[in-house]
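Side-chain atoms are counted along with the backbone in the values below, which use heavy atoms only and exclude waters and symmetry mates. Below, read A as the first sequence line, B as the second, and so on, with proteins coming before strands; counting in each chain starts at 1.
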Protein chains: 2
Amino acid sequence: MQVTIKDVAKAAGVSPSTVSRVISNHPRISRKTVAKVKSIMEELGYHQNMMARSLVSKTTRTIGMILPRSAEELFLNFFFPESIRGIVTQSTRSGYDLMMTSGASEHEELEAILRLVRGRRVDGIILLSSRVHDPLISFLHAQKFPFILIGRSPEYPDILSIDNDNIQASYDATRHLISLGHERIGFVSGPSHLVVSQDRLVGYKKALADYNLALNPRWIVEGEFLQESGYHAMSLIMNLPQRPTALVIIDDIVAFGVLRGLSELGYSVPHDISIISFNNIALSELTNPPLSSIDIGIYQMGYTASNLLIQSIEEQQPEQNRIIIPHRLVTRESTKRLT
Amino acid sequence: MQVTIKDVAKAAGVSPSTVSRVISNHPRISRKTVAKVKSIMEELGYHQNMMARSLVSKTTRTIGMILPRSAEELFLNFFFPESIRGIVTQSTRSGYDLMMTSGASEHEELEAILRLVRGRRVDGIILLSSRVHDPLISFLHAQKFPFILIGRSPEYPDILSIDNDNIQASYDATRHLISLGHERIGFVSGPSHLVVSQDRLVGYKKALADYNLALNPRWIVEGEFLQESGYHAMSLIMNLPQRPTALVIIDDIVAFGVLRGLSELGYSVPHDISIISFNNIALSELTNPPLSSIDIGIYQMGYTASNLLIQSIEEQQPEQNRIIIPHRLVTRESTKRLT
DNA sequence: CCATCTAGTGCAAACGTTTACGCTTTTGAC
DNA sequence: GTCAAAAGCGTAAACGTTTGCACTAGATGG
């Protein structure tokens with residue numbers, strides 16, 4: 001039924017091993033044999049059986065990824081989709097495929113990783129994690145299995161990882177507001193168990209400190225990466241006796257909620273209050289007003305992650321273990337000079 | 001190095017075949033042996049080598065999917081991300097993993113499919129296609145390889161496929177406008193080589209005809225699934241001597257551009273013109289004004305597609321080859337009664 | 001002219017499973 | 001107590017590759 005290497009060998013009048021060597025272009029096969037075998041392969045429509053190949057070579061030319069439980073949030077702000085786009089594009093280019101699986105609970109996630117790793121289904125894994133403590137990282141690290149983290153792990157600072165500099169990005173966002181004359185600046189954050197939330201908060205505080213501005217703890221509100229959180233945050237912040245004139249917001253999606261909240265409370269952006277957020281998703285320029293945002297290059301992170309992981313699988317030690325993708329401040333109409 | 005079935009067999013004092021039978025819970029193994037073997041597996045940390053298993057069983061417990069070339073567009077309107085979410089969630093639940101690959105050109109796409117199919121890497125394929133003519137469908141159909149189409153193929157109406165009823169959905173959207181008293185209704189379409197564009201146009205025309213409303217060809221503008229298209233369409237339509245009072249728009253993203261275009265031209269939605277679109281992505285309720293939209297249940301389509309495909313892989317013929325996911329009209333502030 | 005080297009290829013084992021077939025032991029009916 | 005059927009398990013072949021080793025023939029060097 002299936003055309004095997006033996007069929008090709010027979011038709012070409014050579015041994016299976018020769019055919020195999022042609023496939024993996026071994027140097028010691030004569031030009032003539034190579035040509036002959038290749039033409040027969042073409043003729044018979046031969047394709048390598050990856051399972052058999054993987055079984056003996058112990059390599060799959062596949063990288064794995066697990067769809068996180070907080071999937072809905074990560075899809076909304078395009079973090080996951082954009083990462084996937086970058087990863088699939090790059091890995092295909094390097095001759096690898098991407099294997100995706102998911103787990104409904106933390107335990108199931110670990111089970112899934114185990115299946116991939118111990119079942120020899122993948123050669124490496126891309127982890128998308130922003131949790132301060134992530135058991136998947138611990139596991140993979142202990143196994144010495146090739147993997148790369150998109151994000152940052154405070155527990156394992158030296159593992160192969162790719163990220164943007166969230167502290168600096170947040171610093172820049174805050175400084176942008178400061179440069180526009182704002183002195184009362186609030187922060188709408190994400191869940192505090194996420195590294196990204198912590199880092200952006202740090203950058204924000206650092207900027208305030210550097211420019212000798214007061215930090216008002218009531219202007220810092222924690223929520224989820226959902227627009228409802230932004231919406232709700234406004235009812236908290238804007239009902240305070242003293243209100244900020246500008247806000248740094250953890251995520252564009254949250255900013256959308258902030259916009260809605262402000263509009264319902266009768267505030268106009270940027271006239272009454274300036275806002276800036278992170279991710280610069282495609283829809284950020286379509287809001288009213290268009291959002292100033294920090295572009296963190298998600299697609300590029302995915303692309304580079306795949307590239308680095310494959311390098312490390314193929315034993316070419318990348319020069320550095322931690323790559324930082326530069327961010328970019330995109331100013332639109334949601335931030336304006338304080339008058 | 002790796003714990004194999006033989007190691008388990010040795011430790012349990014049984015033969016490898018018995019261990020194998022325990023794994024696939026064969027009925028003819030005694031309770032006692034099962035318990036014994038299982039505990040040993042646990043103890044040694046045994047995990048099945050999928051490659052070896054696949055090699056002999058000729059099944060991979062993996063489904064394949066190829067990331068289309070028009071990826072960026074499909075990601076923007078969440079079609080692809082939401083499908084993936086549904087697919088991965090369901091397939092994991094059924095014990096399958098998802099394998100993703102891509103192709104930069106049509107030729108590369110076919111090569112990718114060939115790798116997956118002939119290389120025995122997957123048991124079935126999910127195709128996301130809306131093209132009128134798709135060579136991938138022809139290929140898979142000719143190969144009699146299990147696959148399911150998310151979308152509709154006019155060339156192969158009887159293949160396993162899942163879709164929403166775009167004609168009826170568009171009919172309903174149009175009728176919604178008609179029921180609000182609108183009589184001059186335009187249509188902003190997508191690329192005409194896509195089935196979805198054609199179908200929605202048909203539904204729109206059908207509604208107009210059923211309610212004896214005039215069809216003005218100048219109110220039908222074709223574009224891409226990009227907001228620029230919607231933006232550009234407005235400069236065409238709204239500069240006509242006679243303008244529509246309502247628009248049906250092929251996609252939420254396009255509608256975002258329409259909103260921007262209208263606002264720049266000085267028209268207010270829904271006061272001057274009502275608009276309704278398709279997909280009901282999460283951001284549709286965040287625009288100004290919030291968009292009326294037809295929810296076509298993309299996540300559910302992905303989920304069901306995976307389910308059906310796996311059923312058909314496992315030889316349980318699904319009762320019907322073509323499943324229609326019901327759509328849902330979601331009315332928000334962008335459509336209002338004509339005064 | 002012999003020894004050595006190299007290019008080119010084949011042989012056979014190995015990778016870790018599954019499964020058809022067959023053998024023993026137990027069970028149950030009469 | 002006999003015999004057939006069923007239960008429980010092992011043997012060995014097979015799946016389609018890769019790869020270490022060995023072999024041949026010609027080339028090269030002294």
Side-chain angles (χ1 to χ4, degrees), chain A residues 1-38 40-41 44-62 114-123, chain B residues 1-38 40-41 44-62 95 114-123 314:
Chain A
M1 182 145 43
Q2 192 183 184
V3 181
T4 79
I5 226 174
K6 289 182 189 173
D7 301 326
V8 176
K10 201 161 295 173
V14 297
S15 79
S17 42
T18 300
V19 176
S20 173
R21 283 188 256 255
V22 168
I23 293 170
S24 55
N25 39 33
H26 188 102
R28 289 256 274 263
I29 303 290
S30 71
R31 294 242 154 279
K32 222 170 65 181
T33 312
V34 169
K36 170 107 191 184
V37 169
K38 283 201 170 164
I40 301 269
M41 292 198 319
L44 300 185
Y46 170 79
H47 265 257
Q48 203 179 22
N49 181 314
M50 292 313 255
M51 298 306 144
R53 179 187 177 285
S54 293
L55 181 56
V56 19
S57 75
K58 296 188 174 322
T59 130
T60 60
R61 299 194 79 74
T62 304
L114 238 77
R115 264 208 340 274
L116 296 187
V117 172
R118 296 281 244 292
R120 297 278 188 278
R121 292 197 80 151
V122 300
D123 296 342
Chain B
M1 180 146 42
Q2 191 184 185
V3 182
T4 78
I5 226 175
K6 290 183 188 173
D7 301 326
V8 176
K10 201 162 293 175
V14 296
S15 79
S17 46
T18 301
V19 177
S20 173
R21 283 188 258 256
V22 168
I23 293 169
S24 54
N25 39 33
H26 189 102
R28 290 253 275 261
I29 303 290
S30 71
R31 294 242 154 280
K32 222 172 65 183
T33 312
V34 170
K36 170 107 192 186
V37 169
K38 283 201 169 164
I40 300 268
M41 292 198 320
L44 300 185
Y46 169 79
H47 266 258
Q48 204 178 20
N49 181 314
M50 293 313 253
M51 299 306 144
R53 179 188 178 285
S54 294
L55 182 57
V56 20
S57 75
K58 296 187 173 322
T59 127
T60 60
R61 299 194 79 75
T62 304
L114 236 78
R115 266 212 335 277
L116 297 187
V117 172
R118 296 277 246 291
R120 296 280 188 278
R121 293 197 82 149
V122 300
D123 295 344
E314 297 178 347

| request: Determine whether I5(A) and I23(A) make a side-chain contact, defined as any pair of heavy atoms from C-beta on separated by less than 4.5 Å. | output: yes
| If only side-chain N and O atoms of S57(A) are considered, is one of them under 4.0 Å from the OP1 or OP2 phosphate oxygen of dT19(D)? | no
| task | Could you tell me whether S30(A) contacts a base, only the sugar-phosphate backbone, or nothing, with contacts defined as non-hydrogen atoms closer than 4.0 Å? | result | sugar-phosphate
| task | Mind calculating the distance between CE (M41(A)) and P (dG16(D)) to the nearest angstrom? | result | 17 Å
| query | So, is K32(B) near the phosphate of dG8(D), with a side-chain N or O under 4.0 Å from OP1 or OP2? | reply | no
| said: Determine whether T59(B) and R53(B) satisfy the following criterion, side chain to side chain contact (heavy atoms under 4.5 Å, CB included), listing intermediate values before the conclusion. | reply: CA-CA 8 Å; T59(B) 127; R53(B) 179 188 178 285; 3.9 Å; yes
| task | Starting from C1' on dC21(D), measure out to NE2 on H26(A) and report it in whole angstrom. | result | 12 Å
| Atom NZ of K10(B) to atom P of dT17(C): distance rounded to whole Å? | 13 Å
| said: With a 4.0 Å cutoff (strictly under), does any side-chain N or O of S17(B) reach OP1 or OP2 of dA12(D)? | reply: no
| If you round to the nearest 0.5 Å, how far is OG1 of T4(A) from CG of N49(A)? | 9.5 Å
| task | Give a yes/no answer on whether the side chain of R28(A) brings an N or O atom under 4.0 Å of OP1 or OP2 in dA7(C). | result | yes
| Verdict with reasoning, S15(B) to T18(B), per side-chain hydrogen bond (donor to acceptor under 3.5 Å, both in side chains) | CA-CA 5 Å; S15(B) 79; T18(B) 301; 3.3 Å; yes
| query | When the nearest nucleotide of DNA chain D is assigned to V34(B) and to S24(A) on a heavy-atom basis, which residue is associated with the more 5' position? | reply | V34(B)
| message | Regarding dG10(C), can its base be found pairing with the side chain of R21(A) as donor and acceptor, where the two atoms are less than 3.5 Å apart? | response | yes
| task | State whether T18(A) places a side-chain N or O below 4.0 Å from either non-bridging phosphate oxygen (OP1 or OP2) of dG10(C). | result | yes
| request: Answer yes or no: does a side-chain N or O of Q48(B) lie under 4.0 Å from OP1 or OP2 of dT18(C)? | output: yes
| task | Write down the distance between OH (Y46(A)) and C1' (dT17(D)), rounded to a whole number of angstrom. | result | 7 Å
| query | Using a cut-off of less than 4.0 Å, is there contact between a side-chain N or O of K58(A) and OP1 or OP2 of dG16(C)? | reply | yes
| said: With a cut-off of less than 4.0 Å, is there a side-chain N or O of T4(A) near OP1 or OP2 of dG16(D)? | reply: no
| query | How long is the line joining CZ of R118(A) and C1' of dC15(C), in whole Å? | reply | 19 Å
| query | To the nearest angstrom, how far is R120(A) atom CZ from dT17(D) atom C1'? | reply | 17 Å
| said: Pairing donors with acceptors under 3.5 angstrom, does anything connect the side chains of R121(A) and T62(B)? | reply: yes
| Touch class at under 4.0 angstrom, heavy-atom based, for S54(A) against every strand present | nothing
| note | On DNA chain D, more 5' by nearest nucleotide between A52(B) and S15(B) is S15(B)
| said: How many whole angstroms separate atom CZ of R31(A) from atom P of dG8(C)? | reply: 9 Å
| Please give, in whole Å, the distance from dG16(C) P to L55(B) CG? | 12 Å
| message | Tell me whether the side-chain N/O atoms of S20(B) come closer than 4.0 Å to OP1 or OP2 in dT18(C). | response | yes
| said: Check whether S54(A) reaches the backbone of M50(A) with its side chain - one donor and one acceptor, N or O, closer than 3.5 Å. | reply: yes
